[in-house]
Protein chains: 2
Amino acid sequence: MENKTAVTALAALAQESRLAVYRLLVQAGTEGLPAGKISEIAGIPPSSLSFHLKELSYAGLVTSRNESRFVIYSANFSAMNELLAFLTENCCGGQACLSITTPVCDGNCDD
Amino acid sequence: MENKTAVTALAALAQESRLAVYRLLVQAGTEGLPAGKISEIAGIPPSSLSFHLKELSYAGLVTSRNESRFVIYSANFSAMNELLAFLTENCCGGQACLSITTPVCDGNCDD
DNA sequence: TCCATATTTCAATGATAATGGAAATATAAA
DNA sequence: TTTATATTTCCATTATCATTGAAATATGGA
C-alpha cells in the first residue's frame, strides 16, 4: 500500500459521521445495510450521508450494490486489513513483534 | 475508546507528512528518534515538523522525552492498539471473526 | 557568562472539507 | 403512466487545516 492510499483511507475515517457509519458497516458484516437504514440509525440527513458514503467509497473502504430501489453498502474488509498492516509494518525494526500476518477479519463470518 | 478520541487519532494520521513520521517512529520502536533526525530523514523543515509532532502528541499517538538538548519522540504503541481494536470492534456482529484480542505490538521488542 | 545548537512559537497566506435544504434522478409498484 | 419512495447532485456558507520563514526559547558546552 502506498502512503497516499493510506492517507486517503485515514482521512475518510477521520470524521465523526463517517467513522460511525464505517463501524456500523464493519459490525453489519458482508450483508451490509441500505443507505436509508444507515441514515436512520446514525441520525444523518440523506444528503450528508450520501456525501460521506461517497468519501468512504472513493477511499475503497466500502462498496455498494443495488437491490431493487435500495443501495446496499458494506465494508471492504480487505482494504481495512491492508490499512492496518500498513500502519504496523516493520514495527520496531522488524524484530520479534507480534506483527499482523493474518487478517483481522476475513469478512466471511456469515458463511 | 470514544468516537471522538478515535477521530482525533485518525485525523492526526490522515496527512502525508504525519503518517510518514508516525510510521518512522513505529519502526524505530521504543527507543525513538530525536526531532532533528526525523526532520532530516523525512525531509520536513523543522517548523513544519514541530507542528506535525504536536498534532501527533495531542492525539496521543506519540510521546516525547528530553535527553540533553534533544527531544526524542517515540510511538505510543498502546494507543495504536486501542485504535485498531476500536476500528474492528464487534466485527461482523461479533461472530467468529478473527478479532484482535492480543495487541499487535507491545512496544517492547528491544528488551 | 557567552555561544552554538535544537526545537518551538508566531503570523500570514493559501487550500481543502463539512453541512443540509432543495431539486434532480432512478426505480418499482399501483 | 402516474405516483411514491430511495438516493444522489448541486450550491452557498462556514469552518478548519497546512505551510514555512523569522523570531523566540531552551539547553549544554567552552
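Labels below follow one simple rule: chain letters A, B, ... track the order of the sequence lines, proteins then strands, and each chain is numbered from 1. What you are looking at is a predicted structure, and each value in this text was computed from that prediction instead of being measured.
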Rounded to the nearest Å, what distance is computed from the [atom1] atom of residue [X] to the [atom2] atom of nucleotide [N]?
X: A/Ile38; N: D/dA6; atom1: CD1; atom2: P; result: 14 Å
X: A/Phe70; N: C/dA28; atom1: CZ; atom2: P; result: 11 Å
X: A/Leu49; N: D/dT7; atom1: CG; atom2: C1'; result: 9 Å
X: A/Glu40; N: D/dA6; atom1: CD; atom2: C1'; result: 13 Å
X: A/Leu33; N: D/dA6; atom1: CG; atom2: C1'; result: 15 Å
X: A/Ile72; N: D/dT7; atom1: CD1; atom2: P; result: 8 Å

For the side chain of [X] and the backbone of [Y], is there at least one donor-acceptor N/O pair under 3.5 Å apart?
X: A/Thr8; Y: A/Lys4; answer: yes
X: A/Ser39; Y: A/Ile44; answer: yes
X: A/Arg23; Y: B/Phe86; answer: yes

Check whether any side-chain heavy atom of [X] lies under 4.5 Å from a side-chain heavy atom of [Y], and answer yes or no.
X: B/Asn76; Y: B/Ser78; answer: yes
X: B/Leu56; Y: B/Leu13; answer: yes
X: B/Asn3; Y: A/Leu19; answer: yes
X: A/Ile38; Y: A/Tyr73; answer: yes
X: A/Val21; Y: A/His52; answer: no
X: B/Leu84; Y: A/Thr88; answer: yes

Protein N or O to nucleotides 22-26 of chain C N or O, pairs below 3.5 Å:
none

Which nucleotide in C/dG20, D/dT8, D/dA6 has an atom nearest any side-chain atom of A/Pro45: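 The answer is C/dG20, which lies nearest to the side chain.
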Residues A/Arg18 and A/Glu16 bridged, charged N to O under 4.0 Å: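 Salt bridge between A/Arg18 and A/Glu16, a charged N being under 4.0 Å from a carboxylate O: no.
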Residue whose nearest DNA chain C nucleotide is more 5′ - A/Asn66 or B/Tyr73: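 It is B/Tyr73 whose nearest nucleotide is closer to the 5' end.
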Selection: residues 50-64 of chain B, any non-hydrogen atom under 4.0 Å of DNA chain C: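 Within this stretch, B/Ser50, B/Lys54 sit under 4.0 Å of the strand.
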Residues in contact with DNA chain C, drawn from residues 2-26 of chain A - heavy-atom cutoff 4.0 Å: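 By residue number: A/Gln15, A/Arg18.
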Considering all heavy atoms, the nearest A/Ala12-A/Leu61 contact: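 Closest approach of A/Ala12 to A/Leu61: CB-CD1, 4.0 Å.
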A/Ser48 vs C/dG20: side-chain N/O to OP1/OP2 distance below 4.0 Å: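 True: A/Ser48 side-chain N/O within range (under 4.0 Å) of C/dG20 OP1/OP2.
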